[in-house]
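The structure appears below as structure tokens.
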Amino acid sequence: MATADDGRRKVAYVPKALFVVPPSPSSGGRGAAVGAPPPRPLAPVAIQVAASPADAPVVTPRDGGAPWAAAKLVVNAADGTEHELRAHMALTHYLINALGAAAARTLDAAASPVWRLLAPHLDGLFTINNTTPSTLLGEGNLMHQTLTGTTAAHTAYVAAVLHGTALHSLFPRAEMAARGVLHAAALPDYPYRDDGLAIWDALHAYVAAVLAPHYPTDAAVAADTEVAAWAAEISAPDGGRHDYLAYAPACPLSIWGVVPAPGDGGTAPPPATAAAAAAAAAAADKDGGTNANGTRGRGAAAAAAAAALLPWLPPPPVASAQAELMAILASVRVTRLGRLPWTPRRGGWHGTAEGAAAAAALAARLDALDAAIAAREAGREWPYEYLRPSRVPRSINI
Ligand SMILES: [Fe+2]
């Protein structure tokens, strides 16, 4: 049984949430023409706090303020735990650690164009990944305090995700298609998709331009023994243990998406499903007004509803620790996507005229995207600016 530092039992709910995409006057998402009515956001309509209806009834907005707010709290707490362990630790810190460590052992840092592409994204990664197991992630430390479950359970879950997720399934279009949220017709208001794909496409063009002089054909890729060794180590049982080779046994180039991934770039909008919408909403409903936002200033009834929520909230020391942790981590931003490290190397970071031109084009494209997002979000009550390129770090270092 998982217990908190003060001996109290930690509780892990397994909620299910149903979201709908309301009929919208605009189907163009946030990329619609200026002046068009904004698309209506994804809306939660029903929550089952436990996995089985026998263990928990389905709660809807009709059940009133406190039950509905408590149910949304449960969903947001579960989403936070899942995000921290799966998306953040497994598929960000440790996935890239495996790719980067294999690259460091197999690619020539002075001569490999692939290493020149990868290295800026590894700044600080190995340092933070070697530091956190004995600090942030240690037994009884901040991660243990602020998440449900035990440290051993966290580790087991992160390992299961890391080794059970196919690398190509994480390519943005494949990942979004699998969740049914790739197309605006299914989910108009999804800036994570719109901004994320814009960044992905800019990076794709940059990588292709840098590599084109070095690898004009697939045969040229196949002839690069360093790249082959890198790919093999990523998949090796005693290496990264990622199964990407099962996807592309003949062409390592596909690892950076030059070869389309399955489901990448499909043309027919997939049907929107409740499960897909629920998955998308995990990111979209961060500000769903679950407690203070939904009750502030509504009088005695609101105050009573807020008091009824207290048992569902974490103890003040835990809430404080979580706020402190997030504030510290989010305040560290020492690199910026699209800005390469300074180098005295002739020809710039990539050592070629094509590389220098590609890097300049990427920086300009990201700057334009940053300005476009800022203009799009100006005046919105809850602006989505998390993927403005000026706010995206170049490497995983915190
Ligand atoms: Fe992190």
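For this chain, numbers begin at 1 and follow the sequence in order. Remember, predicted model here, so these are calculated numbers, not experimental data.
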Using only atom types and a distance under 3.5 Å, with no angle test, would you say the side chain of [X] pairs donor to acceptor with the backbone of [Y]?
X	Y	value
H154	T148	yes
R193	L187	yes
H183	A177	no

Exercise. Does the distance from a Lys or Arg side-chain N to an Asp or Glu carboxylate O, for D108 and R116, drop under 4.0 Å?
Worked result: no

For this session: Using a strict cut-off of less than 4.0 Å between a Lys/Arg side-chain nitrogen and an Asp/Glu carboxylate oxygen, indicate whether D189 and R380 qualify as a salt bridge.
Result: no

For this session: Could you walk me through whether D123 and N397 pass the side chain to side chain donor-acceptor pair (under 3.5 Å) test, one step at a time?
Result: CA-CA 7 Å; D123 278 347; N397 51 35; over 6 Å; no

For this session: Could you check R173 against D201 for salt bridge (Lys or Arg N to Asp or Glu O under 4.0 Å), going step by step and ending with a plain yes or no?
Result: CA-CA 10 Å; R173 285 188 173 81; D201 290 343; 2.8 Å; yes

For a quick check under 3.5 Å, do [X] and [Y] share a side-chain donor-acceptor pair by atom type?
X	Y	result
H88	H83	no
Y94	N129	no
E139	T151	yes

Exercise. Looking at residues at least two apart in the chain, or sitting in another chain, which of them share a ring pair (Phe, Tyr, Trp, His ring centres under 6.0 Å) with Y386?
Worked result: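 Partners of Y386 under the ring pair (Phe, Tyr, Trp, His ring centres under 6.0 Å) test: Y384.
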
For this session: Please say which of R391, R376, R388 ends up in a salt bridge (charged side-chain N to carboxylate O under 4.0 Å, His left out) with D195.
Result: R376

For this session: Determine, step by step, whether D79 and K16 satisfy the salt bridge (Lys or Arg N to Asp or Glu O under 4.0 Å) criterion, reporting the C-alpha distance in whole Å, the side-chain angles of both residues, the deciding distance to 0.1 Å, and the verdict.
Result: CA-CA 11 Å; D79 176 54; K16 293 179 179 178; over 6 Å; no

